[in-house]
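Here's the structure, in structure tokens; my notes come after.
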Amino acid sequence: MNQITDVPAIFGSDVFNETVMRQRLEPEIFLAWRSCVTGGTPLPIDVANHIATAMKDWATEKGATHYTHWFQPMTGITAEKHDSFLTPVGSGKVIMEFSGKELVRGEPDASSFPSGGLRATFEARGYTAWDPTSFAFVKDGSLFIPTCFFSYTGAALDKKTPLLRSIDEVSREAIRILRLFGDTESKRIVPDVGPEQEYFLIPRDLYAQRPDLRLTGRTLFGAPAPKGQELDDHYFGTIRTRVSAYMKDLDEQLWRLGVLSKTKHNEAAPAQHEMAPIYSDANAACDSNQLVMEIMKKCAAKHNLVCLLHEKPFAGITGSGKHNNYSLSTDTGKNLFRPGKTPMQNAQFLLFLAAFLKGVDEYQDWLRSTAATAGNDHRLGADEAPPAIISVFLGDDLNAVVDSIIEGSDYAGPVKSFMRVGVDVLPNIPKDTTDRNRTSPVAFTGNKFEFRMLGASQSVADPNIVLNTIMAEELGQFADELEKAGDFDAALHDLVVREFRAHKRIIFDGNGYSDDWKKEAARRGLSNHATTPEAMNSFLSEKNIELVTKRRIFTEMEFRARCEIQLETYIKTINIEARTSVDMIRHQILPAAMKYTEQLTRGILNKQSLGLPKKAEMRLAKRLSDACDRLYDACEQLSEDLKKIPAETAKAAGYYGTTIVADMNRAREQADILESLTDKSLWPYPTYSDLLFY
Ligand code: ADP
Ligand code: MG
């Protein structure tokens, strides 16, 4: 196993970061870049030219021969197209060249990326533009330039553009609030994000034997292993040597790319693990998480493993999620979700808390939709991940504060009178005891909110776009009100009381897995969208469209396109799963079960001629035959139903989510019975035991 000797030296060594820029750029070019980044202004072409040359020199020294505009289309993964630096200079000679124009703007032949109807086929071109707030890096012999991706008419075709827009918007509105509290120094507010990433590792040779894993990323069939996760012996357990070698390798690659990989441990399920980086600004965190997912997969290949990022690779075994830790901080380093030490700091904290609660309550459906994928539908509400109902966990201490403020009643803590916003000091809210309820979809954990609904394979862009936008909206409304107020303290107090009261229904600290909560949530009028088609039903509500257009995060067309793509992706995913199911049943599962039945029946005839007892064979053959018949019928039904897909997208999604999913489940049930009855040497696939307990 390779040893990493000097972490500080390798950290970020493949990144064209600020330190490298300072070393390699003329001071005036470096400062020009800095002021563009902090001021959000476009880069002048002569500055871009200088940066391009320096970047190219640096990258070629690191062995790069190509460059690529790296972008994040609406599929949620990343895309790249590589061009070499090669430029002919006559007499068969070449030099390596890279211009500012090539740095700042690209034109990938990107007509095949989903646009949700934003690009007519006659104008299929897409453009990429360098995001100078995100660092370029060298990987696999190419210089990677993080870019935004948009259409000829300027419509956003990616996840980065709306994320950057939402970051600007929340910054602008939060600064207005800080000014009201006398902060004249902070110039920008930055959303900070720390995404915890779960994943499975399984042996590569076994993976290769399963068409379902190869084509859909999850097992469509598989009887439960005799052992599951009931002993809890995997969670935080000793990491296997092979996995440990993988993790070490992964860390090194991530560190080189400047990803602050920090924590690694085994997760709840067998063969499941987690990696958590140290948080960074939302834009960098989003780019980094894309790299993390990509490198997790690539690195696994080197260790003869496969990394599964699917939300639910194995039925009956806890799936993989991604926790999105979110806070807002000033450019002077103050976390706005941290309760303060003085009455005024606390008042400011309570105002941000009120904005958060109001935003999450009012736009709970939009937030829920960010976790809506075919894969994640298996997790949410299945007692292994938060329910499909959005609520916010505050913990006992903060809850007592909120109650006291709402009711004007005695605060049952160290402070003996009720809390007056702006007058009283909050009791000390301990950071560590607040995080014990793992069933909550949104939990306050001392100085940040943890959004726990996201699936492992998803981009973190979407929830952060929502969180930034709703914070911008609510803070903006608060600022409008408070800027006009004559008596600021009184107005502030009234506002906080009013908003806590109005949005108390979104606060829930109990067991999110319980049936009682489903009933209670319904009584409170909270949404409960169990599946993606249901969750997407309210996506295009007037309220959402008004918010995103007013805040200039999306145009209405861009927003409609997102909805279309999310539903289309859902449809395609289940369609592939359904067709793979049919294929596996017809070509491998039924033949295997029938072969075994035939062996048994031949044995029965032989035994009969010898007068031997044959009860076991008879019973087995009967059970196999019955299950085969049922599986055959279920498979035919699925195949027939796949011919009746409604034409309209939302209807089709609903049909896939109900009819097709139910057909697949019915078929799976029979196939899993067959697996449990059939001779293992005849079964075409590695079993759950093989895959999970290697
Ligand atoms: P957990 O108990 O969930 O493991 P940790 O404190 O280890 O909590 O943090 C989990 C993630 O949250 C890490 O990625 C960490 O960097 C991130 N995080 C910590 N503080 C903040 C913050 N203020 N804003 C955003 N993310 C944060
Ligand atoms: Mg966590």
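The first residue in the sequence is number 1, and the count goes up from there. Both ligands and their constituent atoms are indexed starting at 1 by order of listing.
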Please test Lys298 against Gln253 for side-chain hydrogen bond (donor to acceptor under 3.5 Å, both in side chains), starting from the C-alpha separation and ending with a verdict. CA-CA 10 Å; Lys298 281 197 180 147; Gln253 293 190 48; over 6 Å; no

Salt bridge Arg218-Glu311, side-chain N to carboxylate O under 4.0 Å: no

Mind checking whether Thr445 contacts ligand 1 via backbone (N, CA, C, O), side chain (CB onward), both or neither, at a 4.0 Å heavy-atom cut-off? neither

Of all the atoms in ligand 1, which lie at a distance below 4.0 Å from a heavy atom belonging to Glu450? 3 (O)

Check whether more than 12 heavy atoms from other residues, nucleotides or ligands sit under 6.0 Å from atom NZ of Lys262, and answer yes or no. no

Which ligand 1 atoms, with their elements, are less than 4.0 angstrom from a heavy-atom of Pro277? 13 (C), 14 (O), 15 (C), 16 (O)

Against heavy atoms of Ile278, which atoms of ligand 1 measure under 4.0 Å? 16 (O)

At under 4.0 Å between heavy atoms, what of Lys262 touches ligand 1? The answer is neither

Flag the pair Glu473 and Lys550 as a salt bridge only when some basic side-chain nitrogen lies within less than 4.0 angstrom of an acidic carboxylate oxygen. yes

Min N/O separation Glu196 to ligand 1 under 3.5 Å: yes

For atom 12 (O) of ligand 1, the option (of Val190, Asn325, Asp192, Leu260) bearing the nearest heavy atom: Asn325

At less than 4.0 angstrom from any non-hydrogen atom of Asn335, what atoms of ligand 1 do you find? 23 (N)

Counting distance only, does the side-chain N/O of Gln345 pair as donor-acceptor with the main-chain N or O of Lys341 below 3.5 Å? yes

Does the pair Asp361 and Arg505 meet the rule for a salt bridge (Lys or Arg N to Asp or Glu O under 4.0 Å), with working shown? CA-CA 8 Å; Asp361 187 19; Arg505 67 167 188 167; 2.9 Å; yes

Matching residue for Leu467 among Leu328, Val170, Asn324 - test: side chain to side chain contact (heavy atoms under 4.5 Å, CB included): Asn324

N/O separation below 3.5 Å, Val193 to ligand 1: no

